[in-house]
There are 2 protein chains.
Amino acid sequence: MKGKATSFDIAYRAGVSQSTVSRALRNSPLVSEKTREKIQQIAKELNYTVDKNASSLRSQTSTTLALLLFEDPTSDDSLVNPFFLSMLGSITRECGKLGYDLLVSFQELDADWHSVFKDSNKADGLILLGYGDYLDYEAKLRELVKHSTPFVRWGAATKSIDTCSIGCDNFHGGWQITEHLIKHGRKQFGFIGAVHDGAPEFRARYEGHCEALTRAGLEANAQLQKNAVNTEEDGFNATLQLLAENQPLDAIVVASDLIATGVLKALEQKGIKVPEQCAVVGFDDVPIARYTKPALTTCRQDSTAAGVMLVDKLVQLIKGEPVTDAFMKTKLIVRESCGTQQ
Amino acid sequence: MKGKATSFDIAYRAGVSQSTVSRALRNSPLVSEKTREKIQQIAKELNYTVDKNASSLRSQTSTTLALLLFEDPTSDDSLVNPFFLSMLGSITRECGKLGYDLLVSFQELDADWHSVFKDSNKADGLILLGYGDYLDYEAKLRELVKHSTPFVRWGAATKSIDTCSIGCDNFHGGWQITEHLIKHGRKQFGFIGAVHDGAPEFRARYEGHCEALTRAGLEANAQLQKNAVNTEEDGFNATLQLLAENQPLDAIVVASDLIATGVLKALEQKGIKVPEQCAVVGFDDVPIARYTKPALTTCRQDSTAAGVMLVDKLVQLIKGEPVTDAFMKTKLIVRESCGTQQ
DNA sequence: CTGAAAGCGCTTACAG
DNA sequence: CTGAAAGCGCTTACAG
């Protein structure tokens with residue numbers, strides 16, 4: 001035989017019709033066990049694999065998911081948000097488990113996502129990670145909804161768009177981590193991380209932070225909140241700005257671990273001892289957090305569970321089953337940078 | 001119109017045949033400019049996208065590449081080798097640039113790679129990253145060659161198999177980093193990293209290391225080489241074994257950064273000051289290397305360039321163009337853990 | 001349980 | 001430069 005074997009080749013050898021081969025290979029109950037076994041045996045001998053393009057074309061379903069990664073606008077070319085990277089493993093594995101292939105793509109915000117993947121029948125649904133600026137992103141989400149493209153995303157739930165989002169309880173996380181510091185005697189807080197409509201997750205963390213302060217009878221000082229997008233460099237610069245306020249500080253709550261690495265760097269440069277003089281806490285629990293000196297206390301988002309859930313929900317959506325948003329609990333991971341045990 | 005627009009819909013509106021539409025959309029010179037423009041205009045209005053499955057089926061080419069990631073046997077479920085992760089960005093981007101889609105998959109060593117991706121026409125070629133044990137891997141490579149599946153891989157070149165591999169000059173890297181330490185007065189070396197046929201890259205680094213010692217009139221002491229696979233934990237344990245030899249040591253050359261984090265941890269636990277009492281150097285320059293304390297001196301493999309090259313070579317291979325192995329230069333990155341400037 | 005036939009939406013000889 | 005037709009390799013009504 002030249003070229004790849006087709007279902008016709010198998011049919012010929014098995015002495016049955018091509019339709020029967022197709023049914024047998026997909027374990028249709030319409031085929032007798034004996035016939036099925038014979039056909040599957042021959043298929044194995046011929047190293048036969050169903051042609052994906054033909055079956056997808058005919059059945060109008062690709063059993064492929066597309067993962068779209070959006071980068072933060074300022075991040076360097078080769079750097080992907082490490083938190084998303086850590087989701088990749090479980091997303092890939094879960095896809096494999098459910099029999100889906102996974103297309104991965106870095107997206108520019110100006111592309112037409114729906115046409116690129118869904119309209120061309122490359123993928124049955126989309127997983128969205130990250131977004132750059134949230135406002136532009138929201139407009140894109142509306143497009144997807146309009147085209148009734150099945151998709152799920154990691155991020156904050158929104159009332160304004162009817163989408164399935166999976167995110168962690170950022171408000172609770174911000175509260176949790178701040179409350180821990182207060183309980184251990186910290187009183188003068190700074191906060192580093194962008195707080196505006198373009199970054200709803202950072203904002204929720206900040207609001208949780210403020211809530212903890214209020215409940216403890218402390219006051220959030222807006223002057224001690226400095227914006228930073230998700231980079232080490234921004235964290236470094238924002239910290240210098242914060243210190244320039246010349247206010248007493250014994251703790252800095254940071255909106256992400258990546259930013260926190262820059263905070264630690266700035267404090268070290270200024271000779272401020274962490275955690276003795278100033279506690280620092282991050283958010284995410286990316287791999288790096290274990291290696292900083294002092295090791296970073298942070299708020300873990302379970303990226304493995306998140307990846308599995310994103311895939312599961314998307315597949316449900318594709319099958320037309322009802323799905324709900326998921327809101328994951330965060331977990332306080334105490335290391336050295338907050339100066340407490342446990 | 002219900003459902004997605006097809007080339008027939010466009011043909012109808014443009015008053016031409018469907019064949020002409022197909023040609024016009026692919027910028028065939030066989031179509032007059034006027035007709036082409038008209039057709040492309042209508043396509044845009046209808047939000048038309050070529051059906052990937054139909055075009056792939058008909059043309060027998062998918063313009064899709066598959067990235068197969070193999071995990072080290074011992075690594076935990078959600079953890080992917082950070083060095084490979086850092087290639088992912090540039091691989092994805094380069095694929096986009098060349099108009100290819102990218103399927104990503106974690107592979108078990110027992111799967112039939114060719115049938116899974118190439119024989120089913122899901123992908124035109126394969127990119128292989130990592131391998132667990134090299135001997136099993138080699139057998140798999142032979143299979144691919146036998147099925148004439150186009151593929152490229154990151155790793156050491158082999159004479160025994162006719163494949164396109166892209167790797168760094170591990171021997172030179174091992175030499176370079178050791179030579180640097182010798183030049184700065186270190187004399188008593190340990191080496192941590194698996195040195196056997198199952199890990200040819202680590203072995204090459206070790207051989208380069210030994211070569212540098214020999215040239216300097218020093219002697220490599222096999223007793224001071226301890227095996228470790230690519231994990232922090234293994235690095236930690238191997239270091240304890242090394243120290244238990246009770247031999248004088250003023251430098252440890254480590255086969256990877258990930259292992260080196262475990263080495264640093266063990267030394268800290270034993271109260272051995274890095275770099276004052278003992279220098280430590282890694283290999284790879286993964287993101288974590290900048291954050292350890294002391295920051296890790298290491299040998300950089302340019303993952304961005306590597307990713308681009310892997311994609312470019314694979315596409316050449318698919319097009320039937322001749323390709324050659326690539327051997328990238330390593331770069332010494334001096335940080336704090338070796339105790340020298342520059 | 002099985003087969004003959006249609007058709008998914010394209011690309012590409014072939015003919016003009 | 002354009003069109004009519006074949007066909008990529010399947011899945012799935014339809015008929016028996």
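Chain naming here is simple, since letters A, B, ... match the order of the sequence lines and numbering starts at 1 in each.
Of the candidates D/dG9, D/dC10, C/dC10, C/dC10 carries the atom nearest the B/Ser7 side chain, counting heavy atoms from C-beta on. Considering only the side chain of B/Leu30, D/dC1 comes nearest among D/dG9, C/dG9, D/dC1.
When rounded to the nearest whole Å, the span between CG of A/Asn121 and P of C/dC8 equals 13 Å. Here the C1' atom of nucleotide C/dG9 and the NZ atom of A/Lys52 are 17 Å apart, to the nearest Å. Between the C1' atom of D/dC8 and the CG atom of B/Asp51 lies a distance of 13 Å, rounded to the nearest Å. Atom pair B/Ile39:CD1 and D/dC1:P shows a separation of 13 Å (rounding to whole Å applied). Taking atom CD of A/Gln60 as the reference point, atom C1' of C/dA6 lies 15 Å away to the nearest angstrom. What separates CG of B/Asp9 from P of C/dG9 is a distance of 9 Å, to the nearest Å. Taking atom OH of residue B/Tyr12 and atom C1' of nucleotide D/dA4, one finds them 19 Å apart after rounding to whole Å. Nucleotide C/dC10 holds its P atom 8 Å from the CZ atom of B/Phe8, rounded to whole Å.
Residue A/Tyr48 places none of its side-chain N or O atoms closer than 4.0 Å to OP1 or OP2 of D/dG9. Phosphate contact (OP1/OP2 of C/dC10, side-chain N/O of B/Ser56, threshold under 4.0 Å): absent. Taking side-chain N and O atoms only, A/Ser17 has a distance below 4.0 Å to OP1 or OP2 of C/dG3. OP1 or OP2 of D/dT2 sits under 4.0 Å from a side-chain N or O of B/Thr35.
Inspection of the B/Ser90 and B/Thr304 side chains reveals no N or O donor paired with an N or O acceptor under 3.5 Å. No side-chain donor-acceptor contact under 3.5 Å links B/Gln60 and A/Asn53. Between the side chains of A/Glu45 and A/Gln41, a donor-acceptor pair is found at a separation under 3.5 Å. A donor atom on one side chain and an acceptor atom on the other are found under 3.5 Å apart for B/Thr20 and B/Ser17.
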Pairwise N/O distances under 3.5 Å, protein to nucleotides 12-16 of chain C:
unit_1, atom_1, unit_2, atom_2, d
C/dT12, OP2, B/Arg26, NH2, 3.2
C/dT12, O4', B/Arg58, NH2, 3.2
C/dA13, N6, B/Arg23, NH2, 2.8

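We find that B/Lys97 and B/Glu94 are joined by a salt bridge, their nearest charged nitrogen and carboxylate oxygen being less than 4.0 Å apart.
For the pairing with B/Leu128, the side-chain contact (heavy atoms from CB on, under 4.5 Å) check across B/Leu144, B/Val152, B/Thr163 returns one residue only, B/Leu144.
Using a 30° and 60° split on the angle between ring planes, A/Trp154 and A/Phe83 fall in the tilted class, from 30° to 60°.
Here A/Ser62 contributes atom OG and A/Lys52 contributes atom NZ; the two are 5.5 Å apart, rounded to the nearest 0.5 Å.
In DNA chain D, consecutive stretches of 3 or more Watson-Crick or G-U wobble pairs with both distances under 3.5 Å are given as paired ranges: C:1-3 with D:14-16, C:5-12 with D:5-12, C:14-16 with D:1-3.
Residue pairs meeting the salt bridge (Lys or Arg N to Asp or Glu O under 4.0 Å) criterion with at least one partner in residues 53-70 of chain B, sequence neighbours excluded, do not occur; the list is empty.
For A/Glu33 and B/Ala54, each mapped to the nucleotide of DNA chain C holding its nearest heavy atom, the one lying further toward the 5' end belongs to A/Glu33. Take the nearest nucleotide of DNA chain D for B/Arg36 and for B/Leu57: the residue whose nucleotide is more 5' is B/Arg36.
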Report the C-alpha separation of B/Ser86 and B/Ser303 in whole Å, then their side-chain angles, then the decisive distance to 0.1 Å, and conclude whether the side-chain hydrogen bond (donor to acceptor under 3.5 Å, both in side chains) test is met. CA-CA 6 Å; B/Ser86 65; B/Ser303 57; 3.3 Å; yes
